[in-house]
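Working notes, structure below.
Just so we're clear, the structure is a prediction, and the values are computed from it rather than from any experiment. Naming: A, B, ... by sequence-line order, numbering from 1 per chain.
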Amino acid sequence: MCQVVDVRQAVLARNDGLAETLRTELRARGTTMVNLLSSPGSGKTALLEVVLARATAEAVPAAAVTADLATENDAARLSRSGAPVKQVHTGGLCHLEAAQLRGHLEGWLPDDTRVLFIENVGNLVCPASYDLGETLRVALMSVTEGEDKPLKYPSAFGLANLVVLTKADLAEAVGFDEPAFLAAVRQVNPGVDVLRTSARTGLGVAALWERVLEVCDGGPVHRPPLAGHRDRAHSHPHTESADRHGVDAH
Amino acid sequence: MHELSIAIAVVEAVDELARRHDADAVDEVRLRVGELAGVEPDALDFAFEVAREGTLLSTARFTVERVAAVVRCAPCAVEFHPGTPPNLLCPQCDGGSVEVLAGRELELAGVGFPAPDHHDEEVTADVPGR
Ligand SMILES: [Zn+2]
């Protein structure tokens with residue numbers, strides 16, 4: 001004989017709760033988190049390098065956390081921008097989790113940080129399920145990856161607030177079918193904005209940076225229908241629950 | 001592997017529930033997984049076998065209830081199944097002002113503990129979600 005306890009609990013409730021706490025803490029100190037999701041080799045680091053350099057040039061305090069299973073290569077590249085950069089090793093884990101990220105930010109993230117970029121582990125599957133406390137989730141994809149990628153990874157693209165196409169300077173050379181790509185994005189995430197960028201030519205970098213600053217200033221954030229349901233069902237996002245202490249500032 | 005981290009989260013959540021109910025074993029774990037949750041039930045099954053080793057859940061029966069996806073178009077009030085891969089555009093107006101009504105679930109639905117020795121202490125408590 002056994003007793004069954006009825007529960008209605010999101011499996012990732014613990015992570016989601018911590019993510020919401022972190023979002024609240026960051027908001028309280030004027031920091032906006034941008035979570036970047038993509039496959040390995042999509043050109044995420046190269047684009048972030050250019051964006052960070054722009055932040056430095058405009059004297060907007062930005063910082064970046066770059067997550068990898070191993071190596072310090074990305075942090076070394078990003079540090080050249082002059083922005084504070086922290087390399088996080090996930091220890092074999094294929095994604096970042098809110099608790100882990102919060103621990104890394106403690107005592108490190110400069111007080112005046114306006115934008116915090118998170119370069120998530122290169123992987124379009126796992127990171128999609130984990131809210132980190134970001135305000136803007138960006139799914140990136142390069143023109144070399146195939147225009148049906150949003151259909152293959154509907155969660156990554158379907159939960160994004162913004163979709164960024166990278167390496168657009170190569171589109172013609174690789175025969176990238178842009179209308180098919182846009183249709184695929186629209187199918188999994190109707191209404192989401194798509195920005196075409198190239199870290200090499202600088203295409204779209206200004207637009208991307210502008211979009212990020214708009215969100216920092218409280219501008220509207222696209223809410224994908226896939227995310228909407230989850231918020232409602234297990235809802236705490238966007239409620240202020242400042243019951244925790246802030247991320248350590250110094 | 002994504003399902004492994006989900007399975008680990010399941011084991012942790014159930015472990016915490018077991019402690020709250022003073023249970024030293026778990027008989028059954030029921031999950032609800034939506035079609036749009038991005039989780040493959042077979043892979044989750046396999047991952048669960050790995051994640052539960054050496055825990056209170058080591059002999060638990062693991063069942064996954066698959067929840068079909070339902071999307072509703074706001075202007076048309078049409079409800080439809082988005083299919084695989086999901087197409088969230090309304091079949092009637094091709095519009096994207098839709099709401100996902102079901103299919104995003106990734107939740108613990110029920111947990112079975114061995115009945116306590118003292119039958120007078122019947123517990124039917126609902127554990128509040130979150
Ligand atoms: Zn319609």
Donor-acceptor check, side chain of [X] to backbone of [Y], threshold 3.5 angstrom: yes or no?
X	Y	result
A:Asn15	A:Asp131	yes
A:Asn161	A:Arg137	yes
A:Glu20	A:Gly17	no

- Does B:Arg30 come within less than 4.0 Å of B:Glu28, counting only side-chain N to carboxylate O? yes
Residue selection (most heavy-atom pairs with chain A, distance under 4.5 Å) from [options]:
options	result
B:Pro86, B:Ala13, B:Gly96, B:Ala9	B:Pro86
B:Gly95, B:Pro82, B:Ala109	B:Ala109
B:Asp94, B:Val39, B:Leu36	B:Asp94

